[in-house]
**Q** 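Below are the structure tokens for one structure; questions will follow.
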Amino acid sequence: MTTTDGYNVRRYTPERSTWGRLTARDSVVRRLDWVMLLAALALSGIGTLLVYSATRNRTELNQGDPYYFLLRNILNTGIGLGLAIAAVWVGHRALRGGVPILYAISVLLTAAVLTPLGATINGARSWIQLGAGFSIQPSEFTKITITLGMAMLLAAKVDAGDRRHPDHRTVMEALGLAALPIVIILLMPDLGSVMVLVVIVLAVLLASGASNRWIAGLLGAGVLGCVLIWQLGVLDEYQINRFAAFANPALDPSGVGYNTNQARIAIGSGGLTGSGLFHGSQTTGQFVPEQQTDFIFTVAGEELGFVGAGAIVFLVGVVLWRACRIARETTELYGTVVAAGIIAWFAFQSFENIGMTLGIMPVTGLPLPFVSYGGSSMFAAWIAIGLLQSIKVQRPVSA
């Protein structure tokens with residue numbers, strides 16, 4: 001379609017949708033991005049082994065059962081895979097109509113964390129306890145709802161053929177949609193999740209074709225916001241100490257700098273090929289705190305060495321590469337924007353998690369997607385994979 005000003009715009013035509021034209025030879029299964037899917041499965045499989053290695057001897061965590069975390073992680077992966085299949089089955093376009101409801105549920109759950117229903121773990125009030133040892137971290141699912149919600153608003157007029165890029169009013173509405181849950185999460189405080197959400201917002205705006213003035217303005221506002229947060233004392237003391245330890249690794253090596261120092265020792269001791277799975281002295285000796293979650297990469301570095309750790313980075317790169325390919329090839333702006341938000345989420349969170357174990361990024365408590373233990377993180381990551389697969393599967397078929 002061509003507008004009166006001579007520009008071509010994308011327009012999705014339902015009558016040519018993939019679902020309406022699939023044949024036996026061109027089925028949903030055949031159209032899936034199997035390279036991405038296998039890479040994500042490999043990450044989850046490696047993560048399961050690393051989680052087992054990090055927790056099998058931790059009786060204070062595993063309730064005396066060395067297989068406790070192993071079985072739960074397998075269960076989490078299975079549920080996550082089921083959610084990915086459901087996302088493909090429903091389709092990202094069908095979810096578009098239900099985004100307002102999903103967004104409202106997400107905001108309510110996130111706000112519930114600040115009520116007596118919320119639970120504090122490692123200094124952050126980010127969880128809701130469900131009983132029987134299960135909990136949910138709503139901020140993980142907020143990454144999905146913000147991506148879908150902003151994409152729905154920013155792409156509506158473009159995909160309909162009315163405009164070639166979002167207008168200023170639409171951008172303001174999208175930013176308002178993202179601002180509410182971000183402020184709530186900042187009050188927890190969960191600075192790591194806020195950082196991821198801000199990166200998602202910037203990526204979504206860039207992919208939508210919004211004016212560069214918005215990007216520059218948000219970056220400037222972000223810098224000003226960081227200064228105000230620091231000056232007004234919004235951050236808790238433990239978060240300030242983490243940044244201080246990042247700026248000065250030698251600061252209090254037995255206190256705030258302990259995690260980072262032990263992580264470096266564990267990774268450095270692995271050498272090229274590592275000490276062997278289940279044979280890491282740092283891991284077996286339980287020297288690295290939160291090793292099954294935030295610092296899971298240290299298990300890979302120590303027991304699998306540079307080769308194993310490099311394999312994890314490679315697999316994350318494969319997932320991002322295939323996601324970029326899906327974003328580039330889709331013919332609707334909505335799909336492109338959703339994919340861009342997921343790419344930014346996976347890329348930044350992986351870089352931050354691995355970087356903090358190496359001492360090149362501050363400790364923020366972000367899990368490594370697909371690898372770290374945690375049900376909410378695993379479910380959200382696999383739902384994102386399902387959305388990416390849906391974007392590829394539902395790409396209009398040429399005549």
Side-chain angles (χ1 to χ4, degrees), residues 79-80 82-84 86-119 124-130 134-157 159-160 166 169-190 192-205 207-208 210 333-335 337-342 344-345 374-388 390-391:
I79 294 174
L83 291 172
V88 177
W89 180 262
V90 174
H92 68 289
R93 293 199 187 104
L95 283 174
R96 191 172 185 168
V99 165
I101 297 175
L102 295 175
Y103 173 80
I105 293 173
S106 173
V107 170
L108 289 175
L109 286 175
T110 304
V113 172
L114 300 177
T115 71
L117 295 174
R125 192 177 182 85
S126 303
W127 283 262
I128 296 176
Q129 294 288 359
L130 302 178
F134 291 94
S135 60
I136 183 174
Q137 188 176 7
S139 58
E140 289 293 333
F141 301 101
T142 302
K143 299 167 186 175
I144 297 173
T145 54
I146 282 184
T147 300
L148 290 174
M150 292 188 70
M152 179 191 69
L153 290 173
L154 294 169
K157 293 182 179 179
D159 282 339
R169 180 178 178 178
T170 301
V171 173
M172 290 181 64
E173 292 173 350
L175 290 176
L177 178 145
L180 177 58
I182 288 177
V183 171
I184 295 174
I185 293 171
L186 186 60
L187 294 175
M188 293 179 183
D190 185 355
S193 293
V194 169
M195 292 168 62
V196 175
L197 292 174
V198 169
V199 170
I200 290 174
V201 169
L202 290 173
V204 163
L205 288 179
S208 71
L333 184 60
Y334 175 66
V337 173
V338 171
I342 294 172
W345 161 17
S376 297
S377 173
M378 186 72 75
F379 302 159
W382 274 106
I383 291 173
I385 289 293
L387 290 172
L388 289 170
S390 170
I391 293 169

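When reading the values below, keep in mind they use all heavy atoms of this one structure, side chains included, and skip hydrogens, waters and symmetry mates.
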**Q** Rounded to the nearest 0.5 Å, how far does CG of L83 lie from CH2 of W89?
**A** 16.0 Å

**Q** Does a side-chain heavy-atom distance below 4.5 Å link I184 with L114?
**A** yes

**Q** Given 3.5 Å as the limit, does a donor-acceptor pair link the side chain of T147 with the main chain of K143, or not?
**A** yes

**Q** Is there a donor-acceptor pair closer than 3.5 Å between any side-chain N or O of S390 and the backbone N or O of H92?
**A** yes

**Q** Do you know the tightest heavy-atom contact between A344 and A203?
**A** CB-CB, 3.3 Å

**Q** Can you name the closest pair of heavy atoms from I391 and A339 and give their distance?
**A** CD1-N, 4.0 Å

**Q** Quick one, V201 with M150, criterion side chain to side chain contact (heavy atoms under 4.5 Å, CB included). Give me CA distance, side-chain angles, the key distance, then yes/no.
**A** CA-CA 8 Å; V201 169; M150 292 188 70; 3.8 Å; yes

**Q** Would you mind listing every ring-ring contact (aromatic ring centres under 6.0 Å, His included) that reaches into residues 93-114, with sequence neighbours excluded?
**A** none

**Q** If you measure from OG1 on T170 to CG on L175, what distance do you get to the nearest 0.5 Å?
**A** 11.0 Å

**Q** Looking at every heavy atom in both A210 and P166, which two are closest together, and how far apart are they?
**A** N-CD, 4.2 Å

**Q** Tell me whether S106 contacts the main-chain N or O of L102 through its side chain, where contact means a donor paired with an acceptor under 3.5 Å.
**A** no

**Q** L148 vs V338, test: side chain to side chain contact (heavy atoms under 4.5 Å, CB included). Steps then yes/no.
**A** CA-CA 6 Å; L148 290 174; V338 171; 4.0 Å; yes

**Q** Could you check if a side-chain atom of P181 sits within less than 4.5 angstrom of a side-chain atom of I146, using non-hydrogen atoms only?
**A** yes

**Q** With side chain to side chain contact (heavy atoms under 4.5 Å, CB included) as the criterion, how do L154 and L205 come out once you've worked through the C-alpha distance, each side chain's angles and the decisive distance to 0.1 Å?
**A** CA-CA 8 Å; L154 294 169; L205 288 179; 4.0 Å; yes

**Q** Where do I383 and A87 come nearest, in terms of heavy atoms and distance?
**A** O-CB, 4.1 Å

**Q** Is any side-chain heavy atom of I182 closer than 4.5 Å to a side-chain heavy atom of T142?
**A** no

**Q** Can you give me the closest heavy-atom contact between G149 and V99, atom names plus distance?
**A** CA-CG1, 3.5 Å

**Q** Closest approach of G341 and I200, non-hydrogen atoms and distance?
**A** O-CG1, 3.7 Å

**Q** Please indicate whether I101 has more than 12 foreign heavy atoms, meaning atoms of other residues, nucleotides or ligands, lying under 6.0 Å from its CD1.
**A** no

**Q** Rounded to the nearest 0.5 Å, what's the gap from OH on Y334 to CZ on R93? Could you check?
**A** 9.5 Å

**Q** For a side chain to side chain contact (heavy atoms under 4.5 Å, CB included) check, start with the C-alpha distance between Q137 and D190, then their side-chain angles and the critical distance, and finish with the verdict.
**A** CA-CA 11 Å; Q137 188 176 7; D190 185 355; 3.6 Å; yes

**Q** To the nearest 0.5 Å, how far apart are OG1 in T110 and CZ in F141?
**A** 10.0 Å

**Q** Please round to the nearest 0.5 Å and tell me the distance separating atom CG of L95 and atom OG1 of T145.
**A** 12.0 Å

**Q** Nearest 0.5 Å, please: how far is CD1 in I136 from CZ in F379?
**A** 8.5 Å

**Q** Check whether any side-chain heavy atom of W345 sits under 4.5 Å from a side-chain heavy atom of I144, and report yes or no.
**A** yes

